[in-house]
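Here the structure comes first, spelled out in structure tokens, and everything after it is commentary.
Both ligands and their constituent atoms are indexed starting at 1 by order of listing.
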Amino acid sequence: MTYFQFIAGAETAASDGGTYDILNPADTGRLGTAPQATRKDTRQAIAAAADAFPGWAATDPWKRSAILRRAAAEVASRSAEIATAITRESGKPLAQARGEVTQTVELFDWCADEARRVYGRIVPGRSAATQHQILYEPVGVVAAFTAWNFPVLLMSRKIAPALAAGCSIVCRPADEAPGGALIVAQCLRDAGVPRGVVNVLTGLPQDISEEVMADPRVRKISFTGSIPVGRMLARAAADTLKRVTLELGGHAPVIVHEDVDAAWAARQSATGKFRNAGQVCASPTRFLVHESCFDAYVQAFVAEAEGLTLGDGMNDATDMGPLINMKRLQAVEELIRDARERSATIATGGRRSTRFQGGYYYEPTVIVDAPEDARVMQEEPFGPIALINRFTDVEDGIRRANQTEFGLAAYVLTGSLERAQRTAAGLEAGVVGVNSFVASAAETPFGGVKQSGYGREGGPGALDDYLSTKYVNLSF
Ligand code: NAD
């Protein structure tokens with residue numbers, strides 16, 4: 001594909017002509033070269049967004065809504081192209097990439113509705129001659145940075161609510177996988193979004209980020225990525241007091257109660273775990289299984305893992321693709337090495353796949369009885385690693401589940417409503433799935449607690465993070 005930057009409605013190269021290569025993780029082949037945005041490009045994108053903001057903010061909500069609805073239709077009409085870009089750049093199986101595009105379409109559609117539902121409130125005054133109006137206004141220019149694992153959905157989770165609220169935006173999709181987000185930018189243009197309202201920069205983040213964070217015209221940032229980078233951005237945001245939304249890492253526990261069918265539970269768990277090769281912030285990772293069904297569950301889980309077909313995501317038969325790059329592959333290897341040293345049992349996997357010539361393939365891995373102090377029990381593996389440990393009673397399960405700094409997603413498998421309620425109430429997480437590994441949808445709020453960040457994306461409050469409250473005291 002041809003890569004470009006999208007500034008003030010124009011598809012441009014970098015101002016100094018700089019480029020970088022985009023690689024296919026399935027075979028390390030070069031997919032193309034993309035512009036490496038300069039500081040000057042970044043300032044131009046911010047200026048374009050700042051110029052476009054007043055007009056877009058003043059556009060009536062019904063019109064903004066209609067444009068976003070058309071954008072949803074444009075994205076749907078180009079879904080095959082977008083899904084192909086996602087798979088080739090990120091390695092995930094095509095069926096999962098198609099699912100990502102569907103979720104993106106639904107998100108634009110949902111935010112098109114929400115654009116018309118920014119209700120104010122009237123608080124009664126203390127006399128007939130006063131009225132207190134509470135109004136919500138767009139915060140201004142927003143900047144967004146996102147990870148590569150859902151390269152289109154994560155960026156759209158920022159663009160759609162920002163535009164619905166009346167904000168303009170400067171985005172920097174992950175350098176590994178900008179293709180889908182660039183097509184979405186074209187869709188927005190074709191749907192009638194005025195020039196400058198959406199700007200997309202490509203390339204390594206350092207210069208872009210420094211310019212964005214220092215610029216007082218940028219009133220808010222929204223970031224999806226790791227905890228260390230999130231912390232750094234929160235610190236940098238303090239200087240110009242930008243509003244901040246942080247969607248950070250996870251290390252999701254799964255509590256498997258004694259009343260479930262072990263084979264069913266293992267099948268659901270493995271499907272959730274190995275989606276996108278485990279490179280999902282809400283990926284189920286620490287499986288805490290009641291001691292009474294532990295052995296049957298482990299046996300079934302290992303069988304599921306060993307039954308998966310690894311390969312290039314473009315092949316229909318592929319269940320699990322490669323990891324994104326060598327850095328990720330080495331990080332996973334390091335966690336496994338540490339777990340081995342601490343006497344954890346590697347029930348299956350635990351090594352690179354030798355079946356491929358190039359590409360970053362790692363075998364689906366199941367680790368049993370890893371000690372609490374193993375690094376993999378505390379650090380987000382972001383790879384195809386399932387950790388299975390046992391618990392004795394509900395309190396013990398909840399205590400173990402909450403034993404990390406993360407608080408994004410958590411899951412419970414049980415047939416008992418009482419156990420489901422009790423466990424969900426005790427879990428420190430922004431999202432809890434009961435008998436379901438679906439953690440996010442357009443109509444539900446997604447986000448973390450503890451070190452997994454703050455702010456929510458999607459759901460009835462999808463626009464909240466993009467709105468400022470204004471109080472007007474009306475005295476007649
Ligand atoms: P990362 O934090 O290293 O990078 C995330 C993105 O931020 C990348 O595109 C990177 O280039 C960019 N980035 C790096 N430094 C930056 C800076 N100074 N300013 C602006 N952007 C910068 O994380 P990663 O390893 O690439 O991604 C995986 C992480 O993302 C995991 O921790 C995962 O859990 C998290 N994630 C969270 C969610 C969520 O919604 N909570 C969703 C997907 C991924």
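- Protein heavy atom at the shortest distance from atom 19 (N) of ligand 1 is Ser209 OG, 2.7 Å.
- An N or O contact shorter than 3.5 Å links Thr146 to ligand 1 by distance.
- When distances from atom 4 (O) of ligand 1 to the protein are checked, no heavy atom turns up under 4.0 Å.
- Using a 4.0 Å cut-off to heavy atoms of Pro205, the atoms of ligand 1 that qualify are 11 (O), 13 (N), 14 (C), 15 (N), 16 (C), 21 (N), 22 (C).
- Checking side-chain atoms of Lys92 against main-chain N and O of Ile86 turns up no donor-acceptor pair under 3.5 Å.
- One finds no salt bridge joining Arg189 and Glu74 here, because no Lys/Arg side-chain nitrogen approaches an Asp/Glu carboxylate oxygen to under 4.0 Å.
- The side chain of Phe446, and not its backbone, has at least one atom closer than 4.0 Å to an atom of ligand 1 (non-hydrogen atoms only; side chain from C-beta on).
- Listed by atom number, the atoms of ligand 1 under 4.0 Å from Asp175 heavy atoms are 11 (O).
- Given atom 9 (O) of ligand 1, the protein heavy atom at minimum distance is Arg172 NH2, 2.5 Å.
- Of all atoms in ligand 1, numbered sequentially from 1 with element shown, those under 4.0 Å from a heavy atom of Gly250 are 34 (O).
- Nearest to atom 27 (O) of ligand 1 among the protein's heavy atoms is Ala147 CB, 3.7 Å.
- Of the protein's non-hydrogen atoms, Gly225 O, 3.2 Å is the one closest to atom 35 (C) of ligand 1.
- Taking the centre and axis of the six-membered ring of Phe437, the NZ or CZ atom of Arg275 falls outside the cone set by 45° and 6.0 Å.
- The contact set between ligand 1 and Leu408, taken as ligand atoms under 4.0 Å from a residue heavy atom, comprises 41 (N).
- Here Arg172 pairs with Asp175 in a salt bridge; the nearest charged N to carboxylate O distance falls below 4.0 Å.
- Of all protein heavy atoms, the one lying nearest to atom 38 (C) of ligand 1 is Cys281 SG, 3.0 Å.
- Glu405 has a carboxylate O that lies under 4.0 Å from a charged side-chain N of Arg231, or vice versa, which qualifies the two as a salt bridge.
- Between Ser226 and ligand 1, an N or O atom pair is found at a separation short of 3.5 Å.
- Interface atoms of ligand 1 facing Leu154, defined by a heavy-atom separation under 4.0 Å, are 42 (C), 43 (C).
- In terms of protein heavy atoms, atom 41 (N) of ligand 1 is closest to Leu248 O, 2.8 Å.
- Residues Pro253 and Ala409 approach most closely at CD-O, 3.4 Å, considering heavy atoms.
- Taking a cutoff of 4.0 Å between a charged side-chain nitrogen and a carboxylate oxygen, Arg286 and Glu372 do not qualify as a salt bridge.
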Test Ser15 against Lys40 for side chain to side chain donor-acceptor pair (under 3.5 Å), laying out the working first. CA-CA 7 Å; Ser15 54; Lys40 186 175 166 198; 5.2 Å; no
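- Between Thr202 and Tyr3, every side-chain heavy-atom pair lies at or beyond the 4.5 Å cut-off.
- A salt bridge does not link Asp465 with Arg243: every distance from a Lys NZ or Arg NE/NH1/NH2 to an Asp or Glu carboxylate oxygen is 4.0 Å or more.
- Between the side chain of Gln268 and the backbone N or O of Asn435, no donor-acceptor pair lies under 3.5 Å.
- Between Gly179 and Met1, the shortest heavy-atom distance links the atoms O-CE, 3.5 Å.
- Ligand-side atoms of ligand 1 in range of Met232: 18 (N), range being under 4.0 angstrom from any heavy atom.
- Between Tyr361 and Phe356, the angle of the ring planes stays under 30°, which puts this pair in the parallel group of the 30/60° scheme.
- The residue Gln279 has no part lying near ligand 1, judged by heavy-atom distances below 4.0 Å.
- Considering both main-chain and side-chain atoms, Trp148 comes within under 3.5 Å of ligand 1 through a nitrogen or oxygen pair.
- The minimum heavy-atom distance linking Phe274 with Met320 is given by the pair O-CG, 3.7 Å.
- With hydrogens left out, the protein atom closest to atom 7 (O) of ligand 1 is Phe223 CE1, 3.3 Å, a heavy atom.
- Near Asn149, meaning under 4.0 Å from one of its heavy atoms, ligand 1 places the atoms 43 (C), 44 (C).
- Regarding atom 34 (O) of ligand 1, its nearest protein heavy-atom neighbour is Glu380 OE2, 2.5 Å.
- In terms of N/O distances under 3.5 Å, ligand 1 is not approached by Gln206.
- For Glu457, no heavy-atom contact with ligand 1 is shorter than 4.0 Å.
- Close approach to Leu233 involves these atoms of ligand 1, each under 4.0 Å from a residue heavy atom: 19 (N).
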